[in-house]
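Single-structure report; data block below.
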Amino acid sequence: MSSNKSWMQRDLAVLWHPCTQMKDHETLPLVPIRKAQGIWLEDFEGKRYLDAVSSWWTNIFGHCNPRINARIKQQLDQLEHVMLAGFSHQPVIELSERLVSITPQGLDKVFYADNGSSGIEVALKMSHHYWLNTGQPNKKRFATITNGYHGETLATMAVSDVALYTETYKALLMDCIKVPSPDCYYRPEGVSWEAHSRLMFEQMRETLEENHTELAAVILEPLVQGAGGMRMYHPIYLTLLREACNYYGVHLIVDEIAMGFGRTGTMFACEQAGITPDFMILSKALTGGYLPMAAILTTEQVYQAFYAEYNTQQAFLHSHTYTGNPLACAAALATLDIFAKDKVIEANQLLAKKMGEATAHLTDHPHVAEVRQTGMVLAIEMVKDKTTKTPFAWQERRGLKVYEHAMKKGALLRPLGNVVYFIPPYIITPEQINWLAAVATEGIDVATKG
């Protein structure tokens, strides 16, 4: 059974896929992947697809990267797993040391979880528990910005604001304060990103002033709101937020799950604001896209609030079976080695410039409202009316038409609604960027006809 169709039939008989209306696959072919190398995925019939979304924003140095492969294989012969409660191992110690050394100063302790959503849950619980341990039990609410996304477990959905994911489960979610996003897409004509972000911060400042006695933390994605349509804002918002959180005594949780590890043009997005959050959550590219893992970094001050005699019952009793898995740590260490030995950030700056140049012509497209970019993230927003930014109805599934066209051409583009975006592996070449931009342009033309 070597054909795509055969594998698809076997799949559909037993599998339920994530983020998918399974009935779509009655007409939309499922694509079984046999192998992958570098930037390319290959199906069972030998057709290749350029992975322009880094396999859900994780694979930064290419599939089957020989340096990451070698590190995992070496670790496999030494230790595959041991529980992290009462035990430790070399890879998790080395990884923790290196994460502390490369993240903003003041993030001195590392806690591990199994994936991004779990990492956010840890930070939320830890913040609430900190205030409980320090005698302020009333500080148990969270504030966030609209259009944010932090995962699909219950607490992460509560601090998210993308209705597609949260509306169905609204009755199960805790009540959080939602503050209008600094998203610069709707800024008035002639207003800069910085000016708009400063203006929008006033609503966050007012929220902190009015609610700080009951707020445990503010949580947000830095610079780019991923699942919310790759909407972007200026770093000044983060700078102002850090100052305000300090003033009002509220934790700042920064979700770097999607945008960490060089994606925005710096190693971590919050560096562009010159801030240290109270909690930073890392995942996705942490292991180069190989294995599930999340790291939650926090401060010595937070750590000390839990450091006490056993009978105080102040310990943070949160655990995952595969916390700090040695194989995932090995993949992460190999990923950090590549950053340390290669000039990744510098190379990305050139690639980001090329991405901007290759798509610049789309700013004149009659159905493109905006081409926006932050580092190695580029988004193209399709609209029904360019002048008013009136969107296409979601029921028309214009993004799906782009996806189908790109797959026929051999490129994996997976739009978010009407937003076509590029988040490619960092090994993409300028020539591949040009080709990808041409495929996206054709797809947008096809999708916006009529």
Side-chain angles (χ1 to χ4, degrees), residues 16-24 53 56-58 113-128 140-183 185-186 200 203-204 207 211 214-233 237 241 250-259 279 281 283-284 292 294 296 377 379 381 391-400 414-419 421 423:
W16 190 345
H17 288 261
C19 205
T20 300
Q21 172 48 260
M22 294 302 294
K23 188 173 175 61
D24 279 352
V53 298
W56 256 346
W57 322 345
T58 65
D114 291 355
N115 55 65
S117 294
S118 299
I120 297 293
E121 297 262 356
V122 166
L124 296 173
K125 286 177 64 177
M126 204 175 276
S127 175
H128 163 70
K140 55 189 177 184
R141 296 189 72 196
F142 297 94
T144 187
I145 58 176
T146 56
N147 198 46
Y149 173 90
H150 300 285
E152 291 163 34
T153 52
L154 289 179
T156 61
M157 283 194 294
V159 294
S160 298
D161 188 54
V162 179
L164 177 65
Y165 302 103
T166 62
E167 189 62 30
T168 301
Y169 309 101
K170 199 170 182 179
L172 305 178
L173 307 182
M174 62 182 175
D175 178 43
C176 296
I177 300 173
K178 306 291 172 68
V179 183
S181 170
D183 165 21
Y185 179 67
Y186 288 111
M200 295 304 294
Q203 295 176 80
M204 177 62 80
T207 297
N211 301 280
E214 62 177 354
L215 279 177
V218 176
I219 179 172
L220 79 172
E221 299 158 277
L223 305 188
V224 181
Q225 295 184 285
M230 298 299 163
R231 294 290 179 80
M232 303 175 185
Y233 61 91
Y237 191 90
L241 180 56
V250 174
H251 285 148
L252 175 57
I253 303 173
V254 172
D255 176 352
E256 292 256 11
I257 291 167
M259 296 302 144
F279 301 90
I281 300 92
S283 191
K284 289 192 181 289
I296 304 90
V377 184
E381 184 126 359
F392 287 109
W394 64 266
Q395 294 90 340
E396 296 175 8
R397 304 186 76 175
R398 303 279 177 153
L400 180 62
R414 198 173 193 271
L416 292 158
N418 294 322
V419 178
Y421 68 90
I423 298 189

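By convention here, the first residue in the shown sequence is residue 1.
The shortest distance between side-chain heavy atoms of Met174 and Val159 falls below 4.5 Å. With contacts defined as side-chain heavy-atom distances shorter than 4.5 Å, the pair Leu172/Met157 does not qualify. With a 4.5 Å cut-off on side-chain heavy atoms, Leu223 and Met259 do not count as touching. Val224 has its side chain within reach of Met230: a pair of non-hydrogen atoms, C-beta onward, lies under 4.5 Å apart.
Of all heavy-atom pairs spanning Ala227 and Trp57, the tightest one is N-CH2, 3.7 Å. Of all heavy-atom pairs between Leu215 and Ala143, the closest is CD2-N, 3.8 Å.
Not a single donor-acceptor pair under 3.5 Å links the side chain of Ser127 to the backbone N or O of Lys125. Judged by distance alone, with hydrogens and angles left aside, the side-chain atoms of Asp183 form no donor-acceptor pair with the main-chain N or O of Arg231 at under 3.5 Å. Side chain of Lys178 to main chain of Asn147: no donor-acceptor pair is present (N/O by atom type, distance under 3.5 Å, no hydrogens or angles). Judged by distance alone, the side chain of Glu221 and the main-chain N or O of Gly148 form no donor-acceptor pair under 3.5 Å. Using modelled atom types, no side-chain atom of Thr156 and backbone atom of Ser117 make a donor-acceptor pair closer than 3.5 Å. Of the possible polar contacts, none joining the Ser181 side chain to the Ile145 backbone as a donor-acceptor pair under 3.5 Å is found.
Residues passing the side chain to side chain donor-acceptor pair (under 3.5 Å) test with Thr146: none are found, sequence neighbours excluded.
Within 6.0 Å of the CZ atom in Arg397, the count of heavy atoms belonging to other residues, nucleotides or ligands does not exceed 12. Other residues, nucleotides and ligands place no more than 12 heavy atoms under 6.0 Å from the NZ atom of Lys140. Shown here is Trp394, whose CH2 atom has no more than 12 heavy atoms of other residues, nucleotides or ligands within 6.0 Å.
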Sequence neighbours left out, cut at 3.5 Å: what donor-acceptor pairs do the side chains of residues 162-171 make with other protein atoms?
unit_1: Thr166; atom_1: OG1; unit_2: Val162; atom_2: O; d: 3.3

Walk me through it: do Leu220 and Tyr233 pass the test side-chain contact (heavy atoms from CB on, under 4.5 Å)? CA-CA 12 Å; Leu220 79 172; Tyr233 61 91; 3.3 Å; yes
